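Each remark here refers to the structure printed beneath this line.
Remember, predicted model here, so these are calculated numbers, not experimental data. Heads up: numbering here begins at 1 and tracks the sequence.
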Amino acid sequence: MADLLYMPLLDIEEQPRTSKKTPRVASLDVFRGLCVFLMMLVDYGGAIFPIIAHSPWNGLHLADFVMPFFLFIAGVSLALVYKRVPNRIEATRKAVLRAAELFLLGVILQGGYLHGINSLTYGVDMKRIRWLGILQRISVGYIFAALCEIWLSCRSQRDASFLKSYYWHWGVAFSLSAMYLGLLYGLYVPDWQFEMSTATSSVTPTNQTYVYMVKCSVRGDLGPACNSAGMIDRYVLGIDHLYKKPVYRNLKECNMSTNGQVPESSPSWCHAPFDPEGVLSSITAAVACIIGLQYGHSLAHLQDHKQRMQNWILFSLSLLLVGLLLAAIGDPVNKSLYTFGYMLITSASAGITYCAIYLLVDVYGYRCLTFFLEWIGKHSLSIFVLITSNLAVIAVQGFYWKAPENNLIHWIVSRFVQS
């Protein structure tokens with residue numbers, strides 16, 4: 001279990017059991033801790049302050065930076081983990097095993113097995129389990145970047161050019177990007193329909209089924225109704241296995257009520273499930289992890305602080321410039337689709353943020369200012385499991401007085417609503 005708690009975001013080089021471990025990179029722990037803190041902030045504070053929650057469709061809010069930051073950290077960490085790979089077969093076996101364990105953990109936490117803070121029950125219908133989610137996306141990016149680092153690195157000690165040393169990495173990144181763009185803009189999306197069942201009464205729990213038709217017959221549409229990412233997920237995963245409460249329901253067109261209900265008068269696609277961690281968008285998420293890997297090479301192979309930061313700043317500004325240019329010519333900045341412009345802008349933002357943390361923590365040594373974030377970063381996955389997946393809240397909620405609704409969490413929530 002100890003290995004599992006660090007597996008996608010490893011930040012130390014793997015060593016034999018008898019050898020001395022490489023010291024942790026404090027700035028990487030702090031950055032990881034910052035990401036976990038931001039995740040908790042937007043999860044619990046987004047309902048109170050919508051401006052920090054995920055953007056309903058196009059655009060960038062604070063919450064939209066969290067996932068790219070995690071992917072960036074995973075890539076940086078892998079450059080340190082696989083700085084030297086004496087046995088590629090064994091390294092590949094361990095990487096695949098870690099990715100599979102992380103994917104499985106994500107399915108358990110976000111697949112519907114846990115029913116949230118409003119229910120003390122658990123269990124999921126396998127016909128409706130959600131297969132993809134946050135940890136699953138990190139596992140996909142992790143395995144792509146790990147395989148690149150294990151098999152496609154050709155760096156020699158005398159070669160100081162990272163672009164030349166890791167050109168196969170860039171080949172994979174460009175190939176994945178071309179595949180993503182080709183599928184996103186090239187696939188034809190026909191009209192489609194889906195069924196939704198709703199309980200007609202709380203007293204007599206009978207279900208009524210509604211059939212919705214979505215008119216598309218387009219190619220290259222990037223709206224919530226007719227994009228090819230949603231079509232791929234419906235074909236590959238099945239519509240019953242997608243996220244049931246997509247963030248695009250917060251759009252004005254859907255006219256969602258304060259209790260989260262979408263009226264029947266709203267467009268049909270407002271009722272449809274959609275997975276923001278879907279199959280197609282996982283391709284550019286993997287590219288984001290490979291980009292983080294390139295930042296990690298400077299950390300792993302360069303010793304001079306100034307040279308490291310120069311590489312990072314130049315790389316970040318280049319990515320940011322290209323991303324802003326794409327946004328200016330019409331490529332939307334969209335987290336749900338993980339568009340190319342979104343990937344570049346958020347990766348650049350992650351690089352700039354890490355530069356600032358590295359300067360503060362590793363160069364100037366102000367670790368006392370960030371010790372709390374560093375502690376969170378050292379226990380990132382365990383905190384994610386306990387807090388952001390509501391396990392800690394559910395554990396507290398399990399202690400009640402006479403009736404299940406008489407618990408501390410319910411009391412706090414009711415007090416907040418009344419105020």
Side-chain angles (χ1 to χ4, degrees), residues 54-61 64-65 67-68 71 131-132 136-137 140-141 144-145 169-194 213-239 241-243 246-249 251 253-254 267-270 272-291 318-349:
H54 288 292
S55 173
W57 195 244
N58 294 332
L60 272 177
H61 290 179
D64 300 314
F65 288 95
M67 173 61 77
L71 292 169
W131 293 115
L132 299 179
Q136 297 93 309
R137 168 151 293 180
V140 172
F144 269 95
H169 294 193
W170 293 106
V172 171
F174 285 127
S175 298
L176 290 175
S177 300
M179 181 190 306
Y180 168 83
L181 293 172
L183 293 174
L184 182 67
Y185 288 99
L187 283 182
Y188 175 79
V189 181
D191 298 343
W192 56 284
Q193 67 178 28
F194 62 98
M213 172 64 72
V214 182
K215 297 289 185 179
C216 291
S217 301
V218 294
R219 193 188 308 272
D221 186 273
L222 301 187
C226 300
N227 61 81
S228 59
M231 183 187 69
I232 290 173
D233 289 338
R234 292 190 293 272
Y235 277 109
V236 176
L237 303 174
I239 195 168
H241 299 286
L242 305 184
Y243 186 51
V247 70
Y248 62 59
R249 290 185 177 180
L251 290 169
E253 297 93 318
C254 293
S268 56
W269 53 266
C270 293
F274 180 86
D275 211 312
E277 281 82 39
V279 174
L280 183 59
S281 56
S282 294
I283 296 177
T284 36
V287 176
C289 202
I290 295 174
I291 289 176
S318 300
L319 293 176
L320 183 61
L321 181 63
V322 176
L324 292 175
L325 180 61
L326 288 175
I329 62 176
D331 183 49
V333 180
N334 186 295
K335 187 263 181 188
S336 296
L337 299 176
Y338 221 106
T339 56
F340 200 64
Y342 168 81
M343 183 266 294
L344 293 176
I345 291 173
T346 53
S347 295
S349 302

Mind checking whether His241 and Trp131 have parallel, tilted or perpendicular rings, split at 30° and 60°? tilted
Please round to the nearest 0.5 Å and tell me the distance separating atom CZ of Arg234 and atom CD1 of Ile239. 6.0 Å
Heavy-atom check, side chain of Leu242 versus side chain of Leu237, under 4.5 Å: yes
I'd like to know if the side chain of Ser228 pairs up with that of Arg219 as donor and acceptor (distance under 3.5 Å, no hydrogens or angles considered). no
Under 3.5 Å, is there a donor-acceptor pair linking the side chains of Ser55 and Asp64? no
Measure the spacing between OG of Ser336 and CH2 of Trp57 and express it to the nearest 0.5 Å. 5.0 Å
How about Leu132 and Arg137: do any of their side-chain heavy atoms sit closer than 4.5 Å? no
State whether the number of non-hydrogen atoms from other residues, nucleotides or ligands found under 6.0 Å of Tyr188 atom OH is greater than 12. yes
For Gly278, is there any backbone N or O sitting under 3.5 Å from a side-chain donor or acceptor partner on Ser282? yes
Scan side-chain atoms only and decide if Asn227 and Tyr185 contain a donor-acceptor pair under the 3.5 Å cut-off. no
Ring geometry between Trp170 and Phe174 (parallel below 30°, tilted from 30 to 60°, perpendicular above 60°): tilted
Can we call the ring centroids of Phe274 and Trp269 under 6.0 Å apart? no
Quick check on Tyr180: does its OH atom have over 12 non-hydrogen neighbours (other residues, nucleotides or ligands) under 6.0 Å away? yes
